[in-house]
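Worksheet: the structure to be examined is printed underneath.
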Protein chains: 2
Amino acid sequence: MLPRTSPSARNAGAKFPVLRKAVPVFAALGDETRLRLIALLCAGGALSITQLTIGTDITRQAVTKHLQVLADAGLVRDVRQGRERLWEFEPSRLDEARRSLDTITEQWDQALLRLKASLEA
Amino acid sequence: MLPRTSPSARNAGAKFPVLRKAVPVFAALGDETRLRLIALLCAGGALSITQLTIGTDITRQAVTKHLQVLADAGLVRDVRQGRERLWEFEPSRLDEARRSLDTITEQWDQALLRLKASLEA
DNA sequence: CCTTCATGCAACCATTTGATTGCGTTTTTT
DNA sequence: AAAAAACGCAATCAAATGGTTGCATGAAGG
């Protein structure tokens, strides 16, 4: 394996810095519990940990950890208010993620166009 | 914890079946190696496992496993050709994922509008 | 035929992840 | 001041994940 001739690996790797940045966001969204949290915060404004725990079958600490993952990905933000800690949705990173998907789709469409052109030539 | 009164948990859970379907797709995209594979297949057409391994610092078997994850998420498809197994990008699930992000953003925008309306009232 | 190239399969390993329990701290509330 | 509510921290644990090595298989090519 690993032949020294590299047929079609064209400088791949440092090719998509934008995509790279979206990795933690996708990872954070790739969990049912976390997607549910996002959906809740997105529709219901700022909610506390206790409120977000209600209706789930996991503990408050588990919810806390998921919120931390979402916060690390920049998808939510916490606001301390008295003895409560309210969490709210932060849409900017999600927009970036969607633009990443757009980029991939564009690459794909352009590849299809090139293929089509080469067939017609 | 877990007070029996459920303040703002409004029937959450079975509320977003569409989002639920996107979970494995996001999970598959939430890895740098796999995003790189997607980008390669997206730009370069069908490639073999050996070709996809070139330029990486991981083994062929590791690449195989990542391809399997992508295939389970419906993001890639394999086509056997002689002794080679070519992998190609499959755009439909990615489109679904983008629509999921759109749904979340729409929910958010509507929530903002409701908030604005309630403030003006 | 025999070699080579591309892949498949299985065992194995370290780390990460999702979740728990127990206890301590900080605000409210009475 | 004392009780309760909301939360933080740390230890712990099982399962999933990402990766490896070793060997078997299957198709091309000389």
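Order of the sequence lines fixes the chain letters, A, B, ..., with proteins taken first and strands second; residue numbering starts at 1 for each chain.
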Distances for protein N/O vs nucleotides 14-21 of chain C N/O pairs under 3.5 angstrom?
from	atom 1	to	atom 2	distance (Å)
C:dG18	OP1	A:R34	NH2	3.4
C:dG18	OP2	A:R34	NH1	3.3
C:dA19	OP2	A:H66	NE2	2.3
C:dA19	N7	A:K65	NZ	3.0
C:dA19	N6	A:K65	NZ	2.3
C:dT20	OP2	A:T59	N	2.7
C:dT20	OP2	A:T59	OG1	2.5

With sequence neighbours excluded, what pairs up with A:T33 under the side chain to side chain contact (heavy atoms under 4.5 Å, CB included) test?
A:D31, A:I58, A:H66
Out of D:dG8, C:dG8, C:dT7, which has the shortest distance to the side chain of B:T64?
C:dG8
Across all chains, not counting sequence neighbours, the salt bridge (charged side-chain N to carboxylate O under 4.0 Å, His left out) partners of A:D72 are none
For B:T64, check side-chain hydrogen bond (donor to acceptor under 3.5 Å, both in side chains) against everything at least two apart and list the hits.
none
Does the distance from a Lys or Arg side-chain N to an Asp or Glu carboxylate O, for B:R99 and B:D102, drop under 4.0 Å?
no
To the nearest angstrom, the CG-C1' distance between B:L52 and C:dC5 comes to 16 Å
ring-ring contact (aromatic ring centres under 6.0 Å, His included): pairs with one or both residues in residues 98-117 of chain B, sequence neighbours excluded:
A:F89-B:W108
Return each pair, listed once, that meets salt bridge (Lys or Arg N to Asp or Glu O under 4.0 Å) where at least one residue sits in residues 109-121 of chain B; pairs must be two or more places apart or across chains.
none
Roughly how many Å is it from CZ in B:R80 to P in D:dG26, rounded to a whole number?
11 Å
Please report, rounded to the nearest Å, how far the C1' atom of C:dC9 is from the CD atom of B:Q68.
13 Å
Send over the distance from B:D78 CG to C:dA6 P, rounded to a whole Å.
17 Å
Let me know the distance between CZ of B:R85 and P of D:dT25, rounded to the nearest Å.
18 Å
For B:D78, give me all partners under salt bridge (charged side-chain N to carboxylate O under 4.0 Å, His left out), at least two apart in sequence or on another chain.
B:R85
Review item, nucleotides 26-30 of chain C N/O atoms under 3.5 Å of protein N/O:
from	atom 1	to	atom 2	distance (Å)
C:dT28	OP1	A:R83	N	3.3

Residue set satisfying salt bridge (charged side-chain N to carboxylate O under 4.0 Å, His left out) with A:R77, at least two apart, ordered chain then number -> A:E88, A:E90
